[in-house]
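Below is one structure; the comments refer to it alone.
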Amino acid sequence: MLSKALGMGLIIWSLIIPAGYAETIHLLTENFPPLNMSADEKNFARGNNVTGITTDIVRLMFKRANIDYRVTLRFPWKRVYDTALKQKNYGVFSTSRTPEREALFQWVGPLAEEYWVLLTKADSPITINSLSDAKPWRVGGYKDDALTKFLTSRGISVLEAHSDKLNVRKLKINKIDIWATGSLSGPYLAKQEGLVGLKQVFSFNKNDLYLALNKDTNPEVVKKLNEALSKMRQDGSIEKIYRQYR
């Protein structure tokens with residue numbers, strides 16, 4: 001009778017626990033320094049070889065929520081985005097939460113925020129007072145990025161590069177006149193490539209960055225992650241992570 005009772009108890013308990021709650025969440029990202037990046041700057045990394053501001057935030061968030069996860073950095077962006085879009089228990093970060101993407105994922109965040117900016121070399125005579133002022137110029141952007149899509153949707157022709165680091169090099173040798181990038185990631189990448197003194201000629205669209213989880217992922221996972229993130233924001237843990245990268 002005891003074994004039967006125990007068996008019934010296990011069945012009831014299994015119905016109480018949310019389905020899939022104990023499953024591993026597979027997190028995908030790309031080189032997007034200083035937010036997420038590989039330790040050796042290569043386009044593939046796993047585990048502790050993936051670092052950056054939002055990576056550290058995500059690690060602590062999953063730890064506090066007591067949810068198992070794996071982190072992999074791959075290239076190109078479209079590949080990791082499409083994988084998270086199609087496969088249950090997969091997620092991608094750091095990504096923009098645009099109206100076009102809203103219903104495609106479940107969202108955890110924001111993890112970080114930055115602005116979209118237009119940068120030029122220090123000696124450039126270009127002045128931009130509105131986005132339409134950028135139309136006559138050669139604008140460089142990251143292929144398949146939300147910023148690039150935003151600009152093209154507004155009639156601005158964008159020369160797309162397969163990595164944002166290539167845009168730094170193109171700006172350096174005058175292959176582009178303006179670089180459309182993020183206010184955090186752009187200056188960081190430029191410094192890595194030895195290009196200093198860039199001029200910000202325009203800033204627009206505050207861009208909150210999120211972890212986007214496949215829409216079939218257990219909603220309880222999403223809830224617990226957002227709760228953990230909220231507490232991290234309140235107790236200063238997120239600001240502490242930011243200070244480590246300044």
Would you tabulate the side-chain donor-acceptor contacts of residues 187-204 under 3.5 Å, counting partners in other chains and residues two or more places apart, or write 'none'?
| from | atom 1 | to | atom 2 | distance (Å) |
| --- | --- | --- | --- | --- |
| Glu193 | OE1 | Arg169 | NE | 3.0 |
| Lys199 | NZ | Ser124 | O | 2.6 |

Can you check side chain to side chain donor-acceptor pair (under 3.5 Å) on Tyr90 and Thr72, steps first, answer last? CA-CA 11 Å; Tyr90 273 74; Thr72 303; over 6 Å; no

Go through the steps for Asp68 and Arg70 under the test salt bridge (charged side-chain N to carboxylate O under 4.0 Å, His left out), then give the verdict. CA-CA 7 Å; Asp68 189 44; Arg70 300 289 183 271; 3.0 Å; yes

Apply salt bridge (charged side-chain N to carboxylate O under 4.0 Å, His left out) to residues Lys206 and Asp208 and explain how you reach the verdict. CA-CA 7 Å; Lys206 177 173 171 288; Asp208 289 333; 2.9 Å; yes

Under the criterion side-chain contact (heavy atoms from CB on, under 4.5 Å), I'd like the reasoning laid out for Ile128 against Ile178: C-alpha separation, chi angles, the key distance, then a yes or no. CA-CA 10 Å; Ile128 303 291; Ile178 297 172; 4.1 Å; yes

Verdict with reasoning, Leu60 to Ser237, per side-chain contact (heavy atoms from CB on, under 4.5 Å): CA-CA 9 Å; Leu60 182 57; Ser237 297; 3.9 Å; yes

Between His162 and Phe75, does the side-chain contact (heavy atoms from CB on, under 4.5 Å) criterion hold? Intermediate values first, please. CA-CA 9 Å; His162 286 284; Phe75 178 84; 4.0 Å; yes

Could you go through the side-chain contact (heavy atoms from CB on, under 4.5 Å) check for Leu159 and Lys170 one step at a time? CA-CA 10 Å; Leu159 300 171; Lys170 290 167 74 174; 4.1 Å; yes

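To the nearest 0.5 Å, the span separating OG on Ser183 from CD on Glu113 amounts to 8.5 Å. Separating the CD atom in Gln87 from the CG atom in Asp82 is a distance of 10.5 Å, to the nearest 0.5 Å. Going from atom CG of Leu28 over to atom CZ of Arg79 covers 9.0 Å, rounded to the nearest 0.5 Å. Remark: Glu114 CD to Ile53 CD1 distance equals 9.5 Å, nearest 0.5 Å. One finds the CG atom of Leu225 at 12.5 Å from the OG atom of Ser230 (value rounded to the nearest 0.5 Å). Atom CG of Asp145 and atom OG of Ser185 lie 8.5 Å apart (nearest 0.5 Å).
The 12-atom threshold is not exceeded at OH of Tyr115, counting heavy atoms of other residues, nucleotides or ligands nearer than 6.0 Å.
With no hydrogens or angles considered, no side-chain donor-acceptor pair links Asp40 and Asn49 at under 3.5 Å. Checking Thr83 against Arg74 by side-chain atom types alone, no donor-acceptor pair falls below 3.5 Å. A side-chain donor from one of Asn36 and Ser94 sits under 3.5 Å from a side-chain acceptor of the other. Looking at Thr181 and Asp164, their side chains do bring a donor and an acceptor atom within 3.5 Å of each other. Judged by distance alone, the side chains of Asn207 and Ser96 do bring a donor and an acceptor atom under 3.5 Å apart.
In this structure the side chain of Met61 reaches within 4.5 angstrom of the side chain of Leu211, judged on heavy atoms. With a 4.5 Å cut-off on side-chain heavy atoms, Leu151 and Leu131 count as touching. Using a 4.5 Å cut-off on side-chain heavy atoms (C-beta onward), Val139 and Ile176 make no contact. Residues Tyr142 and Glu30 are in side-chain contact: their nearest non-hydrogen atoms beyond the backbone lie under 4.5 Å apart. Within the 4.5 Å cutoff, the side chain of Arg59 has heavy atoms near those of the Thr55 side chain. At a threshold of 4.5 Å between non-hydrogen side-chain atoms, the residues Val108 and Val221 do not count as touching.
For Leu35 against Ala112, the heavy-atom pair with the smallest separation is CD2-CB, 4.2 Å. Shortest non-hydrogen contact noted between Lys88 and Asp216 is CE-O, 3.5 Å. In terms of heavy-atom proximity, Tyr245 sits nearest to Ile241 at CD1-O, 3.3 Å. Leu118 and Ala180 get closest at one heavy-atom pair: CD2-CB, 3.7 Å. The two residues Ala146 and Thr98 have their closest heavy-atom pair at CB-CG2, 4.2 Å. The two atoms that bring Ser130 and Ser132 nearest to each other are OG-OG, 2.9 Å, heavy atoms only.
A salt bridge links Glu41 to Lys165: one of the charged nitrogens lies within less than 4.0 Å of a carboxylate oxygen. Between Asp235 and Arg64 a salt bridge is recorded (basic side-chain N to carboxylate O distance below 4.0 Å).
Leu166 and Val168 fall into different hydrophobic clusters, where Ile, Leu, Val, Met, Phe, Trp and Tyr residues are linked whenever their side-chain heavy atoms come under 4.5 Å apart, directly or through other members. When hydrophobic clusters are built by joining Ile, Leu, Val, Met, Phe, Trp and Tyr residues whose side-chain heavy atoms come closer than 4.5 Å, directly or via intermediates, Ile57 is grouped together with Phe62. Leu184 and Ile238 fall within a single hydrophobic cluster, where Ile, Leu, Val, Met, Phe, Trp and Tyr side chains are chained together by heavy-atom contacts under 4.5 Å. When the side chains of ILVMFWY residues are joined at heavy-atom separations under 4.5 Å, either directly or via intervening members, Met232 and Ile67 end up in a single hydrophobic cluster. Hydrophobic clustering places Leu229 together with Val71 (ILVMFWY residues linked when any side-chain heavy atoms are closer than 4.5 Å, directly or through intermediates).
In this view, Tyr210 and Trp107 satisfy the ring pair (Phe, Tyr, Trp, His ring centres under 6.0 Å) rule, not counting sequence neighbours.
Ring centers of Trp116 and Phe150: under 6.0 Å apart, within the cut-off. Taking the six-membered ring for Trp and the full ring otherwise, Tyr81 and Phe105 have centroids separated by under 6.0 Å.
Using modelled atom types, no side-chain atom of Asn89 and backbone atom of His26 make a donor-acceptor pair closer than 3.5 Å. A donor-acceptor pair is defined here as one N or O able to donate and one able to accept, closer than 3.5 Å; no such pair exists between the side chain of Asn214 and the backbone of Gly91. Side-chain N or O atoms of Asn167 include one that pairs as donor or acceptor with a backbone N or O of Gly141 at under 3.5 Å.
Identified under the salt bridge (charged side-chain N to carboxylate O under 4.0 Å, His left out) test for residues 116-142, with sequence neighbours left out: Arg138-Asp177.
Between Thr29 and the choices Val58, Leu73, Thr95, Val80, the side-chain contact (heavy atoms from CB on, under 4.5 Å) rule is met once, by Leu73.
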